[in-house]
Amino acid sequence: MRRTFRLATVERLRSGRLDEAARALAVARQGVGAAIARRDGLAAELAGCIAAAGSGISGLEAAGARRVVLREKLDAAAADVTAAREQAAAALATWTAARAELRAVETLHERHREAVRVEDFRREQRQLDDLAGTRRRILGEEVA
């Protein structure tokens with residue numbers, strides 16, 4: 001049995017892919033947070049967009065126009081949140097797949113380690129048995 005794990009390079013590469021996927025997932029989740037913050041900021045700004053008391057018709061028209069612009073920006077920000085969530089879901093799927101691929105190789109590596117341990121134990125046991133048999137023959141010859 002080979003003592004070195006033949007798939008060690010594959011395990012290293014998959015571990016690297018998992019790290020990359022984890023970083024991409026973190027960036028995607030930060031993007032979702034930023035998109036939500038932008039959307040919430042626009043919603044708060046829209047809620048606070050009212051004409052000042054005594055500003056007259058021109059102030060009311062300006063506030064109305066500003067609300068129209070803010071609603072459009074809010075709709076765009078809501079679409080950005082949806083897109084960011086979709087990107088985060090895709091990043092999560094990529095991370096999950098990378099984790100499953102690495103886990104498969106890690107399982108094989110653990111089985112290899114166990115097989116090496118069993119082989120070492122058997123070899124040690126054979127050596128002890130041979131040593132015990134040799135000692136009996138030597139002691140048996142001296143007694144006779």
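All heavy atoms count here, side chains included; hydrogens, waters and symmetry mates do not. Positions are given from 1, in the same order as the sequence printed here. No experiment lies behind these values; they were computed from the predicted model shown.
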Asks: Which pairs pass salt bridge (charged side-chain N to carboxylate O under 4.0 Å, His left out) with one or both residues in residues 31-42, sequence neighbours excluded?
Replies: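 As it turns out, there is no salt bridge (charged side-chain N to carboxylate O under 4.0 Å, His left out) pair with a partner in residues 31-42 once direct neighbours are skipped.
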
Asks: Using residues 81-99 as the side-chain source, report each donor-acceptor pair under 3.5 Å to any protein atom, sequence neighbours left out, with the distance given to one decimal.
Replies:
from  : atom 1 : to    : atom 2 : distance (Å)
Thr82 : OG1    : Ala78 : O      : 3.1
Thr94 : OG1    : Ala90 : O      : 3.0
Thr96 : OG1    : Leu92 : O      : 2.8

Asks: List for me each residue that meets side chain to side chain donor-acceptor pair (under 3.5 Å) alongside Arg117, sequence neighbours excluded, and say none if there are none.
Replies: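 With sequence neighbours excluded, Arg117 shows a side chain to side chain donor-acceptor pair (under 3.5 Å) to Glu110, Glu114, given in chain and number order.
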
Asks: How does the hydrophobic cluster around Ile50 look, that is, which other residues are in it when side-chain heavy atoms under 4.5 Å mark a link?
Replies: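 When side chains under 4.5 Å apart are linked, Ile50 ends up in no cluster with other residues.
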
Asks: Salt bridge check: are Glu119 and Arg113 linked by an N-O gap of less than 4.0 Å?
Replies: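 No salt bridge links Glu119 with Arg113.
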
Asks: Mind checking side-chain contact (heavy atoms from CB on, under 4.5 Å) for Leu60 and listing every partner two or more places apart, or none if nothing turns up?
Replies: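 Partners of Leu60 under the side-chain contact (heavy atoms from CB on, under 4.5 Å) test: Ala51.
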
Asks: Hey, could you give me the CG/CG distance between Leu18 and Leu13, rounded to the nearest 0.5 Å?
Replies: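 That separation rounds to 12.5 Å.
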
Asks: Each residue besides Val27 in its hydrophobic cluster should be listed here, by chain and number; the cluster joins Ile, Leu, Val, Met, Phe, Trp and Tyr at side-chain heavy-atom distances under 4.5 Å.
Replies: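 ILVMFWY cluster around Val27 holds nothing else.
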
Asks: Does anything in residues 52-61 pair up under salt bridge (charged side-chain N to carboxylate O under 4.0 Å, His left out), and if so which pairs, sequence neighbours excluded?
Replies: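 Applying salt bridge (charged side-chain N to carboxylate O under 4.0 Å, His left out) to every pair that reaches into residues 52-61, excluding sequence neighbours, yields nothing.
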
Asks: Which Ile, Leu, Val, Met, Phe, Trp or Tyr residues join Leu108 in one cluster when any pair of side-chain heavy atoms under 4.5 Å counts as a link?
Replies: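 Other cluster members: Phe5, Leu7, Val10, Val105.
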
Asks: Residues in side chain to side chain donor-acceptor pair (under 3.5 Å) with Asp120, at least two apart?
Replies: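 By the side chain to side chain donor-acceptor pair (under 3.5 Å) rule, Asp120 matches Arg3, Arg123.
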
Asks: Which donor-acceptor pairs under 3.5 Å do side chains of residues 65-72 form with protein atoms, sequence neighbours excluded?
Replies:
from  : atom 1 : to    : atom 2 : distance (Å)
Arg66 : NH2    : Glu45 : OE2    : 2.2
Arg67 : NH1    : Cys49 : O      : 3.0

Asks: Mark yes when over 12 heavy atoms from residues, nucleotides or ligands other than Ile57 sit less than 6.0 Å from its CD1; otherwise mark no.
Replies: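 It does not: Ile57 CD1 has 12 such atoms or fewer within range.
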
Asks: Look up atom NZ in Lys73 and atom CG in Asp80, then write down how far apart they are to the nearest 0.5 Å.
Replies: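 Nearest 0.5 Å value for the NZ-CG distance: 12.5 Å.
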
Asks: Show every side-chain hydrogen bond (donor to acceptor under 3.5 Å, both in side chains) that has at least one partner inside residues 7-30, sequence neighbours left out.
Replies: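 Listed once each, the pairs are Thr9-Arg12, Glu11-His109.
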
Asks: Could you pull out all residues at least two apart from Thr107 that satisfy side-chain contact (heavy atoms from CB on, under 4.5 Å)?
Replies: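 So Thr107 forms a side-chain contact (heavy atoms from CB on, under 4.5 Å) with Arg103, Arg111.
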
